[in-house]
Amino acid sequence: MPNMDVVERVALDRSSKFTFSCNKDLSCWNLCCRDVDILLTPYDVLEMRTALGQSSGEFLQNNTKVIIDPKTKIPMVQIMLKPNERLCVFSKEEGCSIYQNRPLLCRTYPIGIAALRKKDDPNPEDEFFFFIREKFCKGFSQGKEFTVGDWLQDQNADYLLEKNKDWLEFILRRNVMGVEPFNEKEASLYFMAVYDLDKFRKFVFDTKFLDIFEISKERIEAMKTSDEELLKFGIDYLFFMFRIKKTLEPKKT
Ligand code: SF4
Ligand code: SF4
């Protein structure tokens with residue numbers, strides 16, 4: 001989450017222009033990876049841990065910490081910092097050790113996302129952005145001109161925004177409903193279904209779970225072999241369990 005002192009309070013859209021360039025000859029190299037609060041989306045966790053060849057439990061334990069939103073009690077996953085240097089655990093002298101699979105917030109930087117278009121919402125006014133202008137960042141004073149839209153494509157951020165849309169819709173719709181904060185059981189269920197997919201896999205396949213819902217054979221097979229399919233199912237399960245959308249059909253007894 002960006003420090004609010006460096007957030008420029010001007011709403012941008014995809015056509016807003018700015019100049020930016022970043023390279024390791026700059027004196028500010030890696031400063032943007034120090035003392036940062038990088039929240040991870042479910043797809044960030046999936047992509048990063050797959051790239052590192054780690055189980056979800058291993059990745060979450062070794063590289064992240066969980067913080068609880070004080071109002072909604074939703075658990076959020078944040079990248080851990082190295083204890084002494086306060087640098088992101090993935091930061092190396094030569095740059096980000098997980099650059100090809102870096103999380104969404106690192107891809108969009110120095111653009112912050114204030115609001116996103118909800119899934120299937122054709123209205124572009126629902127989406128807006130802002131600049132994060134850290135004093136130390138020399139990137140704004142050089143480089144080529146981008147529009148916000150070009151930047152998001154250039155950094156492959158649009159791809160992750162698209163992948164996270166169902167999850168984001170779940171979060172937005174639950175918050176808009178103004179319901180009670182998550183209790184402990186709900187928070188654990190949510191965390192397992194979107195972040196700790198290896199645990200969720202056991203919950204789905206090693207219990208009587210599949211006797212409860214009508215799920216097509218094709219979907220079950222896809223979930224067995226693909227973490228991405230399992231995550232999509234996990235989000236459908238949350239929509240159903242929190243009574244936001246009837247995404248699943250219970251079996252008739
Ligand atoms: S994931 Fe990479 S780009 Fe993001 S803060 Fe860590 S080192 Fe920097
Ligand atoms: S120019 Fe900005 S983004 Fe690039 S290394 Fe420097 S502080 Fe980080």
Side-chain angles (χ1 to χ4, degrees), residues 1-8 10 12 16-56 58-67 76-114 116 129-161 163-164 167-168 194-195:
M1 216 167 276
N3 171 351
M4 292 313 282
D5 295 343
V6 297
V7 166
E8 206 172 272
V10 177
L12 310 172
S16 306
K17 291 185 177 158
F18 67 108
T19 312
F20 199 80
S21 161
C22 171
N23 67 70
K24 67 173 179 227
D25 295 329
L26 294 170
S27 57
C28 56
W29 183 241
N30 278 351
L31 286 183
C32 47
C33 302
R34 187 185 297 276
D35 277 322
V36 278
D37 296 334
I38 305 286
L39 292 177
L40 299 179
T41 69
Y43 266 92
D44 289 333
V45 171
L46 177 53
E47 295 234 323
M48 291 166 87
R49 64 123 171 146
T50 304
L52 292 168
Q54 296 179 356
S55 69
S56 54
E58 212 179 345
F59 176 83
L60 291 165
Q61 180 162 8
N62 296 340
N63 304 296
T64 69
K65 66 176 187 178
V66 177
I67 51 172
M76 298 182 291
V77 172
Q78 191 174 299
I79 296 187
M80 231 181 236
L81 301 181
K82 298 176 195 173
N84 297 328
E85 309 147 90
R86 308 277 310 148
L87 268 168
C88 166
V89 283
F90 298 109
S91 175
K92 297 262 185 295
E93 207 176 316
E94 61 278 15
C96 176
S97 63
I98 194 157
Y99 186 78
Q100 292 304 329
N101 303 96
R102 68 199 184 285
L104 178 63
L105 290 184
C106 302
R107 288 176 191 273
T108 61
Y109 186 88
I111 304 295
I113 304 172
L116 285 171
F129 308 89
F130 55 87
F131 286 130
I132 305 165
R133 283 190 197 266
E134 309 268 11
K135 277 199 184 107
F136 55 74
C137 178
K138 307 223 180 298
F140 285 103
S141 53
Q142 54 169 4
K144 70 175 203 184
E145 190 176 75
F146 289 92
T147 63
V148 168
D150 290 343
W151 181 255
L152 297 179
Q153 277 209 345
D154 188 71
Q155 301 295 309
N156 220 359
D158 267 337
Y159 149 82
L160 274 181
L161 286 171
K163 293 268 181 201
N164 278 300
W167 166 72
L168 193 85
V194 297
Y195 289 115

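Every number for a ligand or one of its atoms is a count from 1 in the order of the listing. Basis for what follows: all heavy atoms, side chains included, without hydrogens, waters or symmetry-related copies. Note that this is a predicted model, so its numbers are computed, not measured.
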message: List the residues meeting side chain to side chain contact (heavy atoms under 4.5 Å, CB included) with Glu58, not counting sequence neighbours, and say none if there are none.
response: Gln54, Ser55, Asn62

message: Could you tell me, atom by atom, which parts of ligand 2 come under 4.0 Å of a heavy atom of Trp29?
response: 5 (S)

Non-neighbouring partners of Thr41 that pass side-chain hydrogen bond (donor to acceptor under 3.5 Å, both in side chains), sequence neighbours left out: Asp44, Asn164

Pairwise side-chain contact, Tyr159 with Glu47, heavy-atom cut-off 4.5 Å (strictly under): yes

task: Among Thr64, Ile79, Ile67, Val77, find the residue that satisfies the side-chain contact (heavy atoms from CB on, under 4.5 Å) test when tested with Leu39.
output: Ile67

- prompt: Where do Gln78 and Asp37 land on the side-chain contact (heavy atoms from CB on, under 4.5 Å) test, with the steps shown first?
  reply: CA-CA 6 Å; Gln78 191 174 299; Asp37 296 334; 3.4 Å; yes

- request: Measure Asn30 to ligand 2 on non-hydrogen atoms and call it side chain, backbone, both or neither using the 4.0 Å cut-off.
  value: backbone

- prompt: For atom 8 (Fe) of ligand 2, what is the nearest protein heavy atom, given as residue, atom name and distance?
  reply: Cys32 SG, 2.3 Å

query: Is there a donor-acceptor pair under 3.5 Å between the side chain of Asn30 and the backbone N or O of Lys92?
result: yes

Spacing of CD belonging to Glu134 relative to SG belonging to Cys28, to within rounding of 0.5 Å: 10.5 Å

- prompt: For atom 2 (Fe) of ligand 2, what's the nearest protein heavy atom and its distance?
  reply: Cys137 SG, 2.3 Å

query: Of all the non-hydrogen atoms in the protein, which one sits nearest to atom 6 (Fe) of ligand 2, and at what distance?
result: Cys28 SG, 2.3 Å

query: Among the protein atoms near atom 6 (Fe) of ligand 1, how many are N, O or S and lie under 2.8 Å away?
result: 1

Cut-off 3.5 Å, no hydrogens considered: what does the side-chain donor-acceptor table look like for residues 101-114, sequence neighbours left out?
unit_1, atom_1, unit_2, atom_2, d
Arg102, NH1, Tyr99, O, 2.8
Arg102, NH2, Tyr99, OH, 3.4
Arg102, NH2, Gln155, OE1, 2.7
Arg107, NE, Arg102, O, 2.9
Arg107, NH1, Gln155, O, 3.0
Arg107, NH2, Gln100, O, 2.9
Arg107, NH2, Arg102, O, 3.3
Thr108, OG1, Leu105, O, 3.3
Thr108, OG1, Ile111, O, 3.0

task: Decide whether the shortest distance between a heavy atom of Tyr109 and an atom of ligand 2 is less than 4.0 Å.
output: yes

message: Under 4.0 Å, heavy-atom basis, I'd like to know which part of Leu26 is in contact with ligand 2: side chain, backbone, both or neither.
response: side chain

- prompt: Rounded to the nearest 0.5 Å, how far does CZ of Arg133 lie from CZ of Phe140?
  reply: 4.5 Å

task: Verify the neighbour count for atom CD of Glu93: are there more than 12 heavy atoms of other residues, nucleotides or ligands below 6.0 Å?
output: no

task: Please identify which atoms of ligand 2 are closer than 4.0 Å to at least one heavy atom of Gly139.
output: 1 (S)

task: Look at atom 4 (Fe) of ligand 2 and say which protein heavy atom is nearest, naming residue and atom and giving the distance to 0.1 Å.
output: Cys22 SG, 2.4 Å

task: Give the numbers and elements of all ligand 2 atoms closer than 4.0 Å to a heavy atom of Phe136.
output: 7 (S)

message: With a 6.0 Å cut-off on the ring centroids, do Trp151 and Phe18 count as close?
response: yes

